S.K.: 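Before anything else, here's the structure in question.
Just so you know, ligand 1 is whichever comes first in the structure, and atom 1 is the first atom listed for that ligand. Here the structure is a predicted model, which means the values were calculated and not measured.
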Amino acid sequence: MASTAPFAKMNGIGNEIIVADMRSRADRVTPAAAIALNADAATRFDQIMAIHDARTPGTAFFIDILNSDGSKAQACGNGMRCVVQALAAETGQKTFTFETVAGILNAREHADGSISVDMGTPRFGWQDIPLAEEFHDTRMIELQIGPIDAPVLHSPSVVSMGNPHAIFWVDRDVWSYELDRFGPLLENHPMFPERANITIAQVTSPDTMVIRTWERGAGLTKACGSAACASVVAAARTNRTGRSVSLITPGGGSLHVEWLDNDHVILTGAAEWEFSGSFDPSTGIWARDTESAA
Ligand SMILES: N[C@@H](CCC[C@H](N)C(=O)O)C(=O)O
């Protein structure tokens with residue numbers, strides 16, 4: 001058995017996150033370990049954020065992101081807030097520069113405990129998302145689900161926040177849609193060669209929105225930070241909202257997203273520690289720290 005690594009079970013307004021401390025190690029969290037941790041109710045998660053030693057000068061750490069099905073993700077806004085909270089508690093530092101496969105991002109813990117992550121710049125080109133077909137205008141693409149003459153969901157906006165997102169606009173309560181049924185079909189639709197995160201969004205005012213997300217590689221989640229960013233960018237692009245929006249997510253928590261004039265998207269919200277333990281990054285076998293909270 002490989003030597004164990006410390007982890008913290010956390011959440012970002014309900015998005016279930018494991019922050020794994022893989023510093024000073026050459027190995028990675030394996031897909032098998034992710035699947036095993038997710039199969040245990042106590043450690044069920046949406047994403048693992050594995051903190052590795054920096055690869056690039058000017059960055060503090062490299063963050064590897066795994067979904068609960070063992071696949072890799074390029075972005076995870078709620079998970080980044082958990083990483084910041086864990087590192088800020090350990091070091092007393094408030095600002096961090098990280099590297100992920102999607103690039104370099106900055107994050108900061110505020111005096112009130114909330115955390116902002118600069119999620120980088122959105123991309124709209126059909127090859128960037130990516131889509132299987134050419135679309136010149138990704139504010140609305142031809143895609144629908146349900147009966148051909150009365151689709152349940154249709155004409156999504158598509159955006160890359162480093163990872164692929166499709167946003168379906170709805171007028172009714174987001175809870176009145178069977179996202180558990182349509183989510184897997186849309187995630188794996190041939191339109192999305194790298195699959196996609198699927199969000200239902202109801203705009204409630206020029207600066208408020210309610211969203212529900214079926215996450216690629218994780219399924220229904222209580223919140224998805226990059227989906228919140230993608231939703232606000234897509235809403236502003238289609239004149240549904242302004243560029244500064246508060247979002248309610250299924251966990252009941254709220255996120256704030258601001259699309260700055262310099263094109264960067266800032267995600268702000270809370271993060272919460274639940275318990276700590278250690279695990280084998282190759283198998284996922286784990287144990288709770290004895291002094292850790294329930
Ligand atoms: N929960 C995340 C996004 C998760 C990544 C996603 N499942 C993917 O594969 O792209 C967030 O808070 O952004």
S.K.: I'd like to check which ligand 1 atoms, numbered from 1 as shown, lie under 4.0 Å from a non-hydrogen atom of S226.
M.R.: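 The atoms of ligand 1 under 4.0 Å from a heavy atom of S226 are 3 (C), 11 (C), 12 (O), 13 (O).
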
S.K.: Taking 4.0 Å as the limit for heavy-atom contacts, which would you say applies to I65 with ligand 1: side chain only, backbone only, both, or neither?
M.R.: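 For I65, there is no contact with ligand 1 at all, from either part.
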
S.K.: Check whether I211 and F168 end up in the same hydrophobic cluster, where Ile, Leu, Val, Met, Phe, Trp and Tyr are linked by side-chain heavy atoms less than 4.5 Å apart.
M.R.: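 Hydrophobic grouping puts I211 apart from F168.
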
S.K.: In terms of hydrophobic clustering (I, L, V, M, F, W, Y; side-chain heavy atoms under 4.5 Å; direct or indirect links), are I145 and I141 co-clustered?
M.R.: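 Same hydrophobic cluster.
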
S.K.: Distance to 0.1 Å, residue and atom name: give those for the protein heavy atom nearest to atom 4 (C) of ligand 1.
M.R.: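 Answer, as residue, atom name and distance: Q47 NE2, 3.3 Å.
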
S.K.: Using the ring of each side chain (for Trp, its six-membered ring), is F192 parallel, tilted or perpendicular to H189, with breaks at 30° and 60°?
M.R.: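 Perpendicular, since the angle between the ring planes exceeds 60°.
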
S.K.: What's the shortest distance from atom 12 (O) of ligand 1 to any protein heavy atom, and which residue and atom give it?
M.R.: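 The protein heavy atom lying closest is G225 N, 2.6 Å.
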
S.K.: Would you list the pairs meeting side-chain hydrogen bond (donor to acceptor under 3.5 Å, both in side chains) in which at least one residue belongs to residues 156-168, sequence neighbours left out?
M.R.: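 Residue pairs passing side-chain hydrogen bond (donor to acceptor under 3.5 Å, both in side chains), neighbours aside: S157-W169, N163-H165, N163-S226, H165-S226.
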
S.K.: When hydrophobic residues are tied together by side-chain contacts of less than 4.5 Å, even through go-betweens, does I200 share a cluster with I13?
M.R.: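 Cluster IDs for I200 and I13 differ.
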
S.K.: At under 4.0 Å between heavy atoms, is it the side chain or the backbone of A218 that contacts ligand 1, or both, or neither?
M.R.: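 Looking at A218 and ligand 1, no heavy atom falls under 4.0 Å.
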
S.K.: State yes or no: do I198 and V203 share one hydrophobic cluster built from I, L, V, M, F, W and Y residues joined by side-chain heavy-atom distances below 4.5 Å, directly or via other members?
M.R.: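 No, no single cluster joins them.
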
S.K.: Say whether A75 and ligand 1 are in contact under the criterion: heavy-atom distance to a ligand atom below 4.0 Å.
M.R.: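 So A75 counts as touching ligand 1.
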
S.K.: For atom 2 (C) of ligand 1, grab the closest protein heavy atom and report residue, atom and distance to one decimal in Å.
M.R.: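 Heavy-atom neighbour on the protein nearest atom 2 (C) of ligand 1: C76 SG, 3.2 Å.
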
S.K.: Would you call G217 a ligand 1 contact, heavy-atom distance under 4.0 Å?
M.R.: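 Flag not set, G217 not near ligand 1.
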
S.K.: Checking a contact table here: which protein heavy atom is nearest atom 7 (N) of ligand 1, and how many Å away?
M.R.: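 Protein heavy atom at minimum distance: R216 O, 2.7 Å.
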
S.K.: Can you tell me which portion of N15 lies within the under-4.0 Å heavy-atom range of ligand 1? Options are side chain, backbone, both, or neither.
M.R.: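 It is the side chain that touches ligand 1; the backbone stays farther off.
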
S.K.: Which of the listed options, D46, N78, N197, holds the heavy atom that is closest to atom 10 (O) of ligand 1?
M.R.: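 Going through D46, N78, N197 one by one, N197 has the nearest heavy atom to atom 10 (O) of ligand 1.
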
S.K.: Are N67 and ligand 1 in contact, using a heavy-atom cut-off of under 4.0 Å?
M.R.: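 It does, in that a heavy atom of N67 comes within the 4.0 Å cut-off of ligand 1.
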
S.K.: Kindly work out whether a path of hydrophobic side-chain contacts (I/L/V/M/F/W/Y, heavy atoms less than 4.5 Å apart) joins I17 to I51.
M.R.: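 Same cluster: I17 reaches I51 through Ile, Leu, Val, Met, Phe, Trp or Tyr contacts under 4.5 Å.
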
S.K.: Looking at K9 and E16, does any basic side-chain N land under 4.0 Å from a carboxylate oxygen?
M.R.: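 Yes, this pair counts.
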
